[in-house]
Amino acid sequence: EPEVTQTPSHQVTQMGQEVILRCVPISNHLYFYWYRQILGQKVEFLVSFYNNEISEKSEIFDDQFSVERPDGSNFTLKIRSTKLEDSAMYFCASSPTGNSGNTIYFGEGSWLTVV
Amino acid sequence: GQSLEQPSEVTAVEGAIVQINCTYQTSGFYGLSWYQQHDGGAPTFLSYNGLDGLEETGRFSSFLSRSDSYGYLLLQELQMKDSASYFCAVRGPNDYKLSFGAGTTVTVRA
């Protein structure tokens with residue numbers, strides 16, 4: 001069964017450093033997302049991406065965050081200057097278009113620890 | 001925006017039935033979804049209701065009443081492996097993104 005894959009599974013970084021989280025969405029999907037989940041809290045939407053541009057972003061997704069689809073398969077989330085409060089699990093997700101777009105498929109997540 | 005309310009936790013014994021309620025307030029509604037998340041794992045899709053009524057998928061069923069802005073997930077014949085967090089989610093009005101509730105932690109005891 002096709003799946004969303006993410007790397008790294010876990011990253012520890014120092015405050016102020018740049019981090020890039022990588023994702024390979026399911027190949028025939030056209031919508032891509034990043035969500036985050038702080039330990040013990042709910043899954044929060046960060047950004048959605050369609051047709052090579054951001055379609056929607058939350059208030060969490062400030063100027064420190066950016067997304068890119070550098071080639072036909074990868075989808076990346078960059079945090080320019082990490083803060084302690086960026087420590088969370090980051091989930092990449094994708095969905096196809098049409099009615100089936102109501103189902104979003106999540107990757108296993110990248111656990112980011114900022115120290 | 002969207003807001004969803006669901007109970008924070010539920011405990012039940014193996015073989016029991018659990019109902020997780022979800023009420024929502026949205027600026028536009030395109031259906032109610034349910035996701036399961038085991039500790040440290042990815043949220044995985046369980047069920048979707050776009051129209052009023054009951055959807056059944058094996059031991060799990062989901063119900064929606066759009067007039068009441070209310071839905072529920074019914075877990076039947078509970079098994080230990082059903083211990084997880086369950087999230088209701090609604091789709092955004094202008095996009096396919098999902099907004100999640102805070103989650104209900106279900107603990108199944110022997």
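For clarity, every value in this text was computed on a predicted model and none was experimentally measured. Note on naming: letters A, B, ... go to the chains in the order of the sequence lines (proteins, then strands), and numbering restarts at 1 for each one.
The minimum heavy-atom distance between B/Ala42 and A/Gly107, with the atom names listed, is CB-O, 2.9 Å.
Atoms OG1 and OH, from A/Thr103 and B/Tyr35 in turn, are 5.5 Å apart once rounded to the nearest 0.5 Å.
Between A/Val43 and B/Pro43 the shortest side-chain heavy-atom distance falls below 4.5 Å. Annotation: side chain of A/Tyr105 is not in contact with side chain of B/Thr44 (no heavy-atom distance under 4.5 Å).
Summarising the local packing, CD of B/Glu14 is surrounded by more than 12 heavy atoms from other residues, nucleotides or ligands at distances under 6.0 Å. Summarising the local packing, CG of A/Leu84 is surrounded by more than 12 heavy atoms from other residues, nucleotides or ligands at distances under 6.0 Å. Shown here is B/Arg109, whose CZ atom has no more than 12 heavy atoms of other residues, nucleotides or ligands within 6.0 Å. Annotation for A/Gln64: atom CD counts as buried by contact number, over 12 foreign heavy atoms lying within 6.0 Å. Applying the 6.0 Å contact sphere to CD of A/Glu85 captures more than 12 heavy atoms from other residues, nucleotides or ligands. Residue A/Gln17 places its CD atom among more than 12 non-hydrogen atoms of other residues, nucleotides or ligands, all under 6.0 Å distant. The local environment of CG in A/Asp62 is crowded, with over 12 non-hydrogen atoms from other residues, nucleotides or ligands closer than 6.0 Å.
In this structure, chain B has a heavy atom under 4.5 Å from the side chain of A/Gln37, while its backbone stays farther away.
In this structure, A/Lys42 forms no cation-pi arrangement with B/Phe100, as its terminal cationic atom is not both closer than 6.0 Å to the ring centre and no more than 45° off the ring axis.
Not a single donor-acceptor pair under 3.5 Å links the side chain of A/Tyr31 to the backbone N or O of B/Lys97. A donor-acceptor pair under 3.5 Å is formed between the side chain of A/Tyr35 and the backbone N or O of B/Leu98.
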- Message: Quick one, B/Phe45 with A/Phe106, criterion side-chain contact (heavy atoms from CB on, under 4.5 Å). Give me CA distance, side-chain angles, the key distance, then yes/no.
- Response: CA-CA 9 Å; B/Phe45 173 77; A/Phe106 287 81; over 6 Å; no
